[in-house]
Amino acid sequence: MIKQKLIAILRQAVEDTQQQGRLPLVRLPEVSVEHPQDQGHGDYASSLPLKLARATGSKPLAIAEAIAGAIVPSPEIDTITVAPPGFINFTLKGDWLARQVDSILVADDSYGNIDLGCRQRVQLEFVSANPTGPLHIGHGRGAVLGSTLANVLAAADYSVEREYYVNDAGKQVDAFARSLLARYQQQYGKADFEMPADGYAGSYVIDLARELEGEKATILAKSETSATEYLRQLGLERMTRQIKADLEALGVTFDVWFNEQSLYDDGQYQQALSLLKEKGYIEDKEGATWFISTALGEDKDNVVVRSDGSATYFATDIAYHYNKFIERRFDRVIDIWGADHQGHVSRMKAVVGAFGIAPERLQILISQLVTLRRGEELVRVSKRSGDIITLREVIDEVGADACRFFFLSRSADSQMDFDLELAKQQSLDNPVYYVQYAHARIASILRLAEQREIDYSDGDVSRLTTEPELSLIRKMLLLPEVIEVVALTLGPHRLAYYAQELATVFHGFYTQCRVVSQDDEQLTKARLKLVAAAKIVLAKTLHLMGMTAPETM
RNA sequence: GCGCUUGUAGCUCAAUUGGAUAGAGCGCAGCCCUGCGGAGGCUGAGGUCGUGGGUUCAAAUCCCACCAAGCGCGCCA
């Protein structure tokens with residue numbers, strides 16, 4: 001990555017300056033370069049002299065000049081200038097930029113990959129919706145965030161495992177099973193069978209009961225208890241299958257589907273609580289068992305085992321994270337939760353700390369609320385009360401690509417309106433088509449070249465010298481940096497912005513530069529190489545976002 | 001009341017985590033098709049960065065207070 005190279009060059013220059021005695025031997029702040037907003041300032045800039053000014057007591061401009069003077073020439077750098085109040089600006093060489101086209105073509109779909117993660121094992125747990133109902137739009141946001149992050153982390157050389165935690169053991173599942181029995185009875189047995197007060201009122205429960213018509217003989221013959229148990233298994237199985245299918249429709253798959261129940265079956269639940277007890281964080285009081293989170297700086301303690309002996313959701317989550325860190329030994333764990341779990345974040349980190357694991361190894365991403373809108377009409381989504389617009393309906397209506405892009409065009413921690421009208425518009429209003437259109441356009445150019453039997457494999461990229469061409473290359477070179485920043489900040493929305501910028505620069509190039517031309521065969525070949533490289537970068541970006549890169553539209 | 005998140009152009013959102021004149025898309029006012037896909041390109045107008053203090057060479061970004069919105073503060077998940 002050119003950015004890293006520049007940083008290394010800068011660091012070397014500072015050391016040389018110090019050794020020559022032209023700069024005091026002070027501890028270096030983190031050496032960094034950034035992209036100036038103003039193109040006139042060059043491709044990269046560093047404010048290092050400004051940061052060194054205080055520690056050294058000299059004028060930033062003088063420091064900048066000393067460092068700039070010590071930079072040894074390199075094939076990448078064209079000019080180095082010093083600008084007030086103390087910036088060092090770098091401009092890249094045009095012929096070096098042009099040569100990167102060949103590098104991208106060689107790298108092909110591995111272009112953009114970086115070695116940030118050093119094969120560290122990262123677990124990404126996301127969606128993990130209760131298998132008591134269909135997924136809604138909020139789950140979709142988590143699913144898209146998670147799967148995109150997984151793609152990016154993998155491209156950044158992390159060893160990634162995607163996991164869905166299936167809550168198949170809690171009270172919610174009981175309520176679901178009892179609701180299902182009620183609907184079943186109402187349908188095929190006693191019409192006046194009452195829905196439980198804490199039941200799931202959604203019509204999908206009725207649909208599910210109808211789907212199980214063939215089981216009538218079995219179910220109606222059972223006692224209420226065993227019928228509930230039977231429906232619990234059956235309902236769980238059906239719901240999980242449906243959730244899996246809905247996620248696949250959105251292009252989201254998992255490596256592991258982890259069952260909550262297994263935490264009990266494998267003894268992890270007991271082990272985790274024993275460990276905390278051993279460390280003095282578990283106490284019995286008021287008839288229940290508590291996790292003493294106040295001992296770790298939390299506002300209040302939390303119940304782990306209810307007075308009736310049953311485990312809370314928090315207790316199994318403790319066991320689950322014990323499993324992640326102690327049992328499976330992940331280097332890092334990233335959980336993606338909905339905004340309604342906000343309050344759970346700090347105590348979960350406290351738990352991890354109590355295990356003796358550095359809490360930073362657990363990162364929790366909160367995805368804020370999504371409100372669904374159809375033009376003016378606002379629709380709030382809630383699983384327990386009545387009918388909902390499911391994720392599946394949204395995917396079917398607007399398409400998986402548009403759905404994914406929409407979720408990715410906002411950062412996770414800002415609330416968003418998902419406007420169905422807008423997302424499905426196949427027009428200028430919809431950036432999805434703009435980006436994919438750029439890819440299809442390139443594909444079309446390459447088809448033309450093929451038709452005319454132009455072999456551009458020997459194209460000479462040094463013919464790429466004009467501003468639109470070099471701008472396109474500059475933008476393509478940003479992909480590794482985007483991957484890096486997304487991996488570091490866990491903010492995949494930057495990909496969506498990058499995709500749009502890349503498409504914009506390409507369209508600009510396209511209108512200014514004829515690619516396949518009769519009058520200059522060499523230039524045609526060079527430009528074919530350029531667009532072929534642009535296609536690789538665009539496709540890579542789309543694929544990281546889990547979207548398709550269409551050849552035609 | 002306490003905690004977390006958010007507040008930036010008419011609208012929807014960015015801002016490389018403290019850098020130079022705060023940027024995109026849509027919308028608005030105009031302009032560009034005898035060429036590879038016009039689902040495109042170009043120009044312009046539009047900003048007290050919620051408010052008020054503070055920190056420093058430099059603040060949308062960090063600190064404090066306040067205002068507004070959302071979420072949470074269960075022996076629900």
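In what follows, chains carry the letters A, B, and so on, assigned in the order in which the sequence lines appear, proteins first and then strands, with residues in each chain numbered from 1.
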Does the plane of the ring in A:Tyr44 sit parallel, tilted or perpendicular to the ring in A:His35? Use 30° and 60° as the thresholds. tilted

Side chain of A:Ser128, backbone of A:Tyr165: donor and acceptor closer than 3.5 Å? yes

Heavy atoms only, 4.0 Å cut-off, all strands: where does A:Ala45 land among base, sugar-phosphate and nothing? base

Side chain of A:Gln342 - closest among B:C4, B:A20, B:C75: B:C4

Pairwise C1' distance, B:A29 and B:G37 [rounded to whole Å]: 29 Å

Interatomic distance, A:Leu6 atom CG to A:Phe90 atom CZ [nearest 0.5 angstrom]: 5.5 Å

Could you check if the base of B:C64 is syn or anti? Syn means the glycosidic torsion is within 90 degrees of 0. anti

May I ask you to decide if A:Asp198's main-chain N or O and A:Arg178's side chain share a donor-acceptor pair within less than 3.5 Å? no

Rounded to the nearest Å, what distance is computed from the CG atom of residue A:Asp413 to the C1' atom of nucleotide B:A14? 13 Å

B:G47 and B:A22, which share atom name C1', separated by this distance in whole Å: 9 Å

Assign A:Ala440 to base, sugar-phosphate, or nothing according to its heavy-atom contacts below 4.0 angstrom with the strands shown. base

Is the phosphate of B:G41, meaning OP1 or OP2, less than 4.0 Å from a side-chain N or O of A:Tyr437? no

Quick one: are the ring centres of A:His344 and A:Phe314 less than 6.0 Å apart? yes

Any idea which of B:C4, B:G19, B:G37 is nearest the A:Ser47 side chain? B:G19

Are A:Arg452 and B:C36 close enough that a side-chain N or O sits under 4.0 Å from OP1 or OP2? no

Taking the six-membered ring of A:Phe291 as reference, does the cationic atom of A:Arg347 (NZ for Lys, CZ for Arg) lie under 6.0 Å from its centre and within 45° of its axis? no

Mark yes or no for a side-chain to base donor-acceptor pair under 3.5 Å between A:Asp38 and B:A22, with no hydrogen or angle criteria applied. no

From B:A77, B:C36, B:G25, nucleotide with atom closest to A:Gln172 side chain: B:A77

Sugar-phosphate only, base, or nothing, as touched by A:Ser32 at under 4.0 Å among non-hydrogen atoms: nothing

Return the value, rounded to whole Å, for the distance between atom CZ of A:Phe407 and atom C1' of B:A14. 19 Å

Is A:Thr489 touching bases, backbone alone, or none of the nucleic acid, heavy atoms closer than 4.0 Å? base

When the P atoms of B:G1 and B:U48 are considered, how many whole Å apart are they? 30 Å

Donor-acceptor check, side chain of A:Thr524 to backbone of A:Val516, threshold 3.5 angstrom: yes or no? no

When we call it a touch if two heavy atoms are under 4.0 Å apart, what does A:Lys300 touch: a base, just sugar-phosphate, or nothing? sugar-phosphate

Looking for any heavy atom pair under 4.0 Å, which part of the strands does A:Tyr510 touch: base, sugar-phosphate only, or nothing? base

If only side-chain N and O atoms count, and only distance matters, is there a donor-acceptor pair under 3.5 Å linking A:His341 with A:Asp335? no

Could you tell me whether a side-chain N or O of A:His139 sits under 3.5 Å from a main-chain N or O of A:His136, the two making a donor and an acceptor? yes

With a 4.0 Å limit, can you tell me whether A:His35 has a side-chain N or O closer than that to the phosphate oxygens OP1/OP2 of B:A15? no

To the nearest Å, how far apart are A:Trp337 CH2 and B:G72 P? 15 Å

What's A:Ala288 touching, base or sugar-phosphate or nothing? Going by heavy atoms closer than 4.0 Å. base

Quick check on B:U43: syn or anti? Syn means the glycosidic torsion is within 90 degrees of zero. anti

With C1' as the reference atom in both, quote the distance from B:G19 to B:G25 in angstrom, rounded to an integer. 26 Å

Does B:G72 have OP1 or OP2 sitting under 4.0 Å from an N or O in the side chain of A:Arg347? no

How do A:Ile88 and A:Lys285 order along RNA chain B: which one's closest nucleotide is nearer the 5' end? A:Ile88

Quick check against the 3.5 Å criterion: does A:Arg404 have a side-chain atom that pairs as donor or acceptor with the backbone of A:Met545? yes

Using the P atoms only, state how far B:U5 lies from B:C63, rounded to an integer number of Å. 10 Å

Would you please confirm or rule out a distance under 4.0 Å between OP1 or OP2 of B:A15 and any side-chain N or O of A:Arg494? yes

Should A:Gln37 be listed as having a side-chain N or O under 4.0 Å from OP1 or OP2 of B:A20? yes

Phosphate OP1/OP2 of B:G37: any A:Ser444 side-chain N/O under 4.0 Å: yes

What is the pairing partner of B:A59, taking Watson-Crick or G-U wobble pairs with both distances under 3.5 Å in any strand? none

What does B:G47 pair with, Watson-Crick or G-U, if both distances are under 3.5 Å? none

Using only side-chain N and O atoms of A:Arg447, determine if any of them is under 4.0 Å from OP1 or OP2 of B:G37. no

Assign A:Gln436 to base, sugar-phosphate, or nothing according to its heavy-atom contacts below 4.0 angstrom with the strands shown. nothing

Please measure how far the C1' atom in B:A14 lies from the corresponding atom in B:U51, and state the result in whole Å. 23 Å

Nearest of B:G70, B:G37, B:C75 to any side-chain atom of A:Arg441? B:G37

Can you measure A:Lys51 atom NZ to B:U17 atom C1' for me and round it to whole angstrom units? 11 Å

How is A:Met553 classified with respect to the nucleic acid when contacts are heavy atoms under 4.0 Å: base, sugar-phosphate, or nothing? base

Who is the Watson-Crick or G-U wobble partner of B:A68, with both distances under 3.5 Å? B:U6

Would you classify A:Arg514 as touching base, sugar-phosphate or nothing, given that sugar-phosphate means primed atoms plus P, OP1 and OP2, and contacts are heavy atoms under 4.0 Å? base

Proximity to the side chain of A:His493 - top-ranked nucleotide from B:C75, B:U5, B:A14: B:A14

Give the rounded distance in Å between these two atoms: CD of A:Gln512 and P of B:G35. 17 Å

If you assign each of A:Asp299 and A:Arg410 to its closest nucleotide in RNA chain B, which residue comes earlier from the 5' end? A:Asp299

Sugar-phosphate only, base, or nothing, as touched by A:Leu50 at under 4.0 Å among non-hydrogen atoms: base

Nearest whole Å is fine: how far is B:C26 P from A:Tyr434 OH? 8 Å

What is the distance, to the nearest angstrom, from the CG atom on A:Leu365 to the P atom on B:C71? 20 Å

Out of B:G3, B:A14, B:C36, whichever nucleotide has its closest atom nearest the side chain of A:Val516: B:C36

Between B:A9 and B:A24, how far apart are the two C1' atoms, rounded to whole Å? 11 Å

Separation of the C1' atoms in B:G18 and B:A58, to the nearest angstrom: 8 Å

Selected nucleotide, minimal atom distance to A:His507 side chain, candidates B:A77, B:C75, B:G41: B:G41

Scan A:Asp519 against the nucleic acid and name what it touches under 4.0 Å (heavy atoms): base, sugar-phosphate only, or nothing. nothing

Nearest-Å distance for atom pair NE2/C1', residues A:His344 and B:C4: 14 Å

Is there a Watson-Crick or G-U wobble partner for B:G30 with both distances under 3.5 Å, and if so, which one is it? B:C42

A:His41 near the nucleic acid: base, sugar-phosphate alone, or nothing, with a heavy-atom cut-off under 4.0 Å? base

